[in-house]
Student: 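Take this structure, written in structure tokens, and hold onto it; I'll ask about it next.
As a basis for the values below, the full set of heavy atoms in this structure was taken, side chains included, without hydrogen atoms, waters or symmetry mates. This chain uses plain numbering: 1 for the first residue, then up along the sequence.
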Amino acid sequence: IEFKPNLHEAWYDRGLSLSKLNRYQEAIASYDKAIEVNPDLYKAWYDRGLSLDNLRRYQEAIASYDKAIEFKSDMHEAWNNRGASLHSLGRYQEAIASYDKAIEFNPSYTEAYFNKACCYALLSKVEDAIEQLKKAIDLDPKYREQAKTDADFDGIRSDKRFQVLVEDDNT
């Protein structure tokens, strides 16, 4: 960076390293430099969003994910994390729409199904929550264990269908 300050890859890699060290504010500054040099660097926009999420700056994270999506519309991870930021803001319907886009681009993206189930549970839409949770568990059984303790399901935890779905011997 000292010798080639306009090398966006170096700024981006620096941001990744700082992020791994949980130095999110510094990581964001590095991503900003990478973006300044190469404004359509979707990976930098995406990882900037992740750092903002870690700082609980959800609205700014959504804006970064939107920029990543502007340059790479089929980036399912950006759609999913955009949904997660909306979820954190309590904007569950919008989050579900983002998760739907993630699934559109990657139909086996289990995390998006699980996240949709969480939103539906928070909206007290039990049928939809169970349906999405079942899809997540069918694709990756680890979500059975996760659902047992995830607070988003507290409102439907007593529902018999939920209990059957998360039983250990369920196949």
Student: Does the cation-pi check pass for K135 over Y113, that is, NZ or CZ under 6.0 Å from the six-membered ring centre and within 45° of its axis?
Tutor: no

Student: Between E127 and R161, is a salt bridge (charged side-chain N to carboxylate O under 4.0 Å, His left out) present by the stated rule, with each step listed?
Tutor: CA-CA 9 Å; E127 293 280 337; R161 294 165 294 177; 2.4 Å; yes

Student: Going through the checks in order, is the salt bridge (charged side-chain N to carboxylate O under 4.0 Å, His left out) test met by R157 and D159?
Tutor: CA-CA 6 Å; R157 200 166 301 286; D159 188 283; over 6 Å; no

Student: Write down the atom of S51, the atom of S19, and the distance for their closest heavy-atom approach.
Tutor: OG-OG, 3.7 Å

Student: Please step through salt bridge (charged side-chain N to carboxylate O under 4.0 Å, His left out) for the pair E145 and K142, ending with a clear verdict.
Tutor: CA-CA 6 Å; E145 286 304 311; K142 79 174 184 183; over 6 Å; no

Student: Would you confirm whether W11, through its side chain, and I35, through its main-chain N or O, come within 3.5 Å as a donor-acceptor pair?
Tutor: no

Student: For K134 and E131, run salt bridge (charged side-chain N to carboxylate O under 4.0 Å, His left out): C-alpha distance rounded to whole Å, both residues' side-chain angles, the deciding distance at 0.1 Å, then the answer.
Tutor: CA-CA 5 Å; K134 182 172 180 359; E131 177 187 343; over 6 Å; no

Student: Using side-chain contact (heavy atoms from CB on, under 4.5 Å), reason through V37 and L7 one step at a time and then give a plain yes or no.
Tutor: CA-CA 7 Å; V37 176; L7 190 62; over 6 Å; no

Student: Does G49 offer a backbone N or O that forms a donor-acceptor pair with the side chain of Y65 under 3.5 Å?
Tutor: yes

Student: Check E111, M75, H76 against N106 for a side chain to side chain contact (heavy atoms under 4.5 Å, CB included) and give me the one that passes.
Tutor: H76

Student: Going through the checks in order, is the side-chain contact (heavy atoms from CB on, under 4.5 Å) test met by R82 and L86?
Tutor: CA-CA 6 Å; R82 181 182 190 278; L86 289 161; 3.5 Å; yes

Student: For a side chain to side chain donor-acceptor pair (under 3.5 Å) check, start with the C-alpha distance between N80 and N115, then their side-chain angles and the critical distance, and finish with the verdict.
Tutor: CA-CA 8 Å; N80 182 68; N115 291 340; 3.1 Å; yes

Student: Report the distance from atom CG of N38 to atom CD of E36, rounding to the nearest 0.5 Å.
Tutor: 11.5 Å

Student: Hey, does the side chain of D140 reach the backbone of A136 with a donor-acceptor pair shorter than 3.5 angstrom?
Tutor: no

Student: Does Q93 reach the side chain of L123, with side-chain heavy atoms less than 4.5 Å apart?
Tutor: yes

Student: Is there a path of hydrophobic side-chain contacts, each under 4.5 Å between heavy atoms of I/L/V/M/F/W/Y residues, joining Y42 to L50?
Tutor: yes

Student: Report the C-alpha separation of D53 and Y24 in whole Å, then their side-chain angles, then the decisive distance to 0.1 Å, and conclude whether the side chain to side chain donor-acceptor pair (under 3.5 Å) test is met.
Tutor: CA-CA 9 Å; D53 263 337; Y24 301 116; over 6 Å; no

Student: Can you get from V126 to F162 by hopping between Ile, Leu, Val, Met, Phe, Trp and Tyr side chains that sit under 4.5 Å apart?
Tutor: yes

Student: Taking atom CZ of R57 and atom CD1 of I62, what is their separation to the nearest 0.5 Å?
Tutor: 13.0 Å

Student: Calculate, to the nearest 0.5 Å, the distance between atoms CD1 and SG belonging to I156 and C118 respectively.
Tutor: 9.0 Å

Student: With a 6.0 Å cut-off (strictly less than), is the heavy-atom count around NZ of K43, excluding the residue itself, greater than 12?
Tutor: no

Student: Checking W45 against E70 for the side-chain contact (heavy atoms from CB on, under 4.5 Å) test, could you report, in this order, the C-alpha distance in whole Å, the side-chain angles of both residues, the deciding distance, and whether it holds?
Tutor: CA-CA 10 Å; W45 284 109; E70 179 183 321; over 6 Å; no

Student: Check whether any side-chain N or O of E94 sits under 3.5 Å from a backbone N or O of G83 as a donor-acceptor pair, and report yes or no.
Tutor: no

Student: Can V166 be reached from F153 by stepping across I, L, V, M, F, W or Y side chains whose heavy atoms are under 4.5 Å apart?
Tutor: yes

Student: Check I130 against L165 and note the closest heavy-atom contact, atom names and distance.
Tutor: O-CD2, 3.8 Å

Student: Could you tell me which non-hydrogen atom of L133 sits nearest to which non-hydrogen atom of A117, and how far apart they are?
Tutor: N-CB, 3.5 Å

Student: Determine the minimum heavy-atom distance between L52 and S64, stating which atoms define it.
Tutor: CD1-OG, 3.6 Å

Student: Is a donor on one side and an acceptor on the other found under 3.5 Å between the side chain of R48 and the backbone of D32?
Tutor: no

Student: Quick check: is I103 connected to L139 through a chain of hydrophobic side chains (ILVMFWY, heavy atoms under 4.5 Å apart)?
Tutor: yes

Student: So how far is it from C119 SG to K125 NZ, rounded to the nearest 0.5 Å?
Tutor: 10.5 Å

Student: Aromatic rings H87 and Y92: how do their planes relate, parallel, tilted or perpendicular, breaks at 30° and 60°?
Tutor: perpendicular

Student: Provide the closest heavy-atom pair for A68 versus Y46 in the form atom of the first, atom of the second, distance.
Tutor: CB-N, 3.8 Å

Student: Between NZ of K67 and CG of D40, what distance do you get to the nearest 0.5 Å?
Tutor: 9.5 Å

Student: Show the nearest heavy-atom pair for residues Y12 and A34, with the distance to one decimal.
Tutor: N-CB, 3.8 Å

Student: Examine distances only and state if a side-chain atom of S73 and a backbone atom of I69 form a donor-acceptor pair shorter than 3.5 Å.
Tutor: no

